[in-house]
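The structure under discussion appears below in the form of structure tokens.
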Amino acid sequence: MIPLHDDVALGALRRQLRLDPEPLRQLRNAFYKKRLPAEKALERLPLAQRSAFAEAVAFHTLTVHSRHDSQLDGASKLIFQTAAGKLLESVILRIQTGRTTLCVSSQVGCAVRCGFCATGQMGRALDLGCDEILDQIVQANQLLRAEERGVRNVVFMGMGEPLHNEDAVALAIETIVSPRAFGLAPAHVLVSTVGIPEAMVRFARRFPDVGIALSLHSARQAVREKIIPLARRYPLPVLREAILEATTIQGKPPMIEYLLLAGVNDTDADLQALLGYLGELPAHVNLIPYNAIAGVEFVGTSEGRRNEFAAGLTSAGFRVTIRHSLGRDVAAACGQLVQRQLLVGKGTA
Ligand code: SAH
Ligand code: SF4
């Protein structure tokens, strides 16, 4: 089956079926931008070619396994199943301003195994294909159509480390920003990475306008290693070189994500280390309150201390925002995404 986003294969199919480019353009427009279901989008093709086209092209690669709507805020968690039977999660974030953001997964599980992250507890990662990443957006859009909403921002902050599945993520982003497909503005796409220096620089070159967010979480090497095992491989000075290079290429520094863990990375020494590390960078620091994960010993920083930490950064001239995670009641908040059904199957949840 040919994925609908594959221009080359689709061009060959079009010639084989003697299909004009215009109806195909309209079909893709109906499917990706108007958020119509495949049957409706197919009506854009002449009747004679419809069934042959439908048989050759895969419109979906995932099935919706379940949907969980938060009773607290505007989050909906979607659990999808791949053809191989793996479960993954995406989160629809209906932001109060009326914007809609989709948090997508790039892998099932994550090999980085950060101690504070539920996905990390799953260990071994399975890479999602480009079409599996895109179908999360297609299917969320189709659900949102009933609410007269559509995905406007895509953040790669779901399950997995996007830069460990670089090719599929890059291909997916090309389709997300392509005027022939979703047509989102590159600035409305954000990729969060644990910090893989050479991949960050490659990514910045390929997508100078797509946002990069770096999960720094500590500017002290020993502390960072304790909470992010991969930090051993990429010491902080090497990571800083990559930040500088990405900043030069993109004309702005990556967003710095900083998860606040009580007594671990929120002391005065941690703040001083962070200020020293960021130095002259005109960085935007996004402080992340910790979302509790079952079986994990971390405790989130108190609101008072969080505000002090934020004030320390602000007074040094940094732009600071505090992340407001949605969907805690349906385990859809940052770091809470996990293949829950698998755990149930094992009798551990
Ligand atoms: N692998 C990527 C993207 C997915 S995680 C990365 O690590 O950046 C998205 C964000 O959620 C990261 O900043 C991550 O550190 C954060 N996160 C993970 N576990 C969390 C938790 N328990 N509470 C709050 N944020 C968490
Ligand atoms: Fe992987 Fe990101 Fe979770 Fe770390 S925080 S285990 S890199 S998904």
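Along the sequence shown, residues are numbered consecutively beginning with 1. When a ligand or atom number is given, it counts from 1 through the structure's own listing order.
Protein heavy atom nearest atom 2 (C) of ligand 1, with residue, atom name and distance: S192 O, 3.3 Å. Counting protein heavy atoms only, atom 13 (O) of ligand 1 is closest to S215 OG, 2.8 Å. Nearest protein heavy-atom neighbour of atom 5 (S) of ligand 1: M157 O, 4.0 Å. Ranking the protein heavy atoms by distance from atom 20 (C) of ligand 1 puts G335 CA, 3.3 Å first. In terms of protein heavy-atom proximity, atom 11 (O) of ligand 1 is nearest to C334 CB, 3.7 Å. With hydrogens left out, the protein atom closest to atom 23 (N) of ligand 1 is N291 N, 2.9 Å, a heavy atom. For atom 4 (C) of ligand 1, the closest non-hydrogen atom of the protein is G158 O, 3.3 Å. The protein atom (non-hydrogen) at minimum distance from atom 22 (N) of ligand 1 is F116 O, 2.8 Å.
Atoms of ligand 1 found under 4.0 Å from any heavy atom of V194, numbered from 1 in the order shown, are 6 (C), 8 (O). Close approach of ligand 1 to C117 is summarised as follows: ligand atoms under 4.0 Å from at least one heavy atom of the residue are 18 (C), 19 (N). Listed by number with element, the atoms of ligand 1 under 4.0 angstrom from any heavy atom of L259 are 23 (N), 24 (C), 25 (N). Shown in contact with I288 at under 4.0 Å from a heavy atom are these atoms of ligand 1, numbered in order with element: 13 (O), 24 (C), 25 (N). Taking every heavy atom of I293 and a limit of under 4.0 angstrom, the matching atoms of ligand 1 come to 22 (N).
Among R25, R180, R14, the single residue meeting the salt bridge (charged side-chain N to carboxylate O under 4.0 Å, His left out) criterion with D7 is R180.
The side chain of E257, and not its backbone, has at least one atom closer than 4.0 Å to an atom of ligand 1 (non-hydrogen atoms only; side chain from C-beta on). Under 4.0 angstrom from ligand 1, the non-hydrogen atoms of T193 all belong to its backbone.
Separation of atoms OG (S76) and CZ (R67) is listed at 4.5 Å; rounding is to 0.5 Å. Considering CZ of R323 and CG of N286, their distance stands at 4.5 Å, rounded to 0.5 Å. Interatomic distance, L102 CG to N141 CG, rounded to the nearest 0.5 Å: 8.0 Å. Between the CG atom of L271 and the CD atom of E308 there is a distance of 9.5 Å, given to the nearest 0.5 Å. Taking CD1 of I256 as the start and CG of L287 as the end, the distance is 11.5 Å to the nearest 0.5 Å.
Applying the 6.0 Å contact sphere to CD of E303 captures no more than 12 heavy atoms from other residues, nucleotides or ligands. Around CD of E147, the count of heavy atoms belonging to other residues, nucleotides or ligands within 6.0 Å exceeds 12.
Among all heavy-atom pairs drawn from V210 and Q250, the shortest one is O-NE2, 2.8 Å. Between L10 and V57, the closest heavy-atom pair is CD1-CG2, 3.9 Å.
The shell of residues lying under 4.0 angstrom from ligand 1, judged by heavy atoms, includes H217. The shortest heavy-atom distance from G160 to ligand 1 is under 4.0 Å. Within the 4.0 Å heavy-atom cutoff, P289 counts among the residues contacting ligand 1. Contact analysis leaves A213 out of contact with ligand 1, as no non-hydrogen atom separation drops below 4.0 angstrom.
Applying the side-chain contact (heavy atoms from CB on, under 4.5 Å) criterion to S215, with sequence neighbours excluded, gives S192, H217, E257. Here N307 pairs with nothing under the side chain to side chain donor-acceptor pair (under 3.5 Å) rule; sequence neighbours left out.
For atom 3 (Fe) of ligand 2, the count of nearby protein N, O or S atoms, meaning those under 2.8 Å away, is 1.
Under the 4.5 Å side-chain heavy-atom criterion for grouping Ile, Leu, Val, Met, Phe, Trp and Tyr, F156 is connected to V138 within one hydrophobic cluster.
Sequence neighbours left out, the pairs with a member in residues 14-50 that pass ring-ring contact (aromatic ring centres under 6.0 Å, His included) are F31-F59, F31-H60, Y32-F182.
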Before you tell me yes or no, could you show the steps for E245 and R205 under salt bridge (charged side-chain N to carboxylate O under 4.0 Å, His left out), namely the whole-Å CA-CA distance, both residues' side-chain angles and the distance that decides it to 0.1 Å? CA-CA 10 Å; E245 212 170 327; R205 279 208 194 97; 3.1 Å; yes

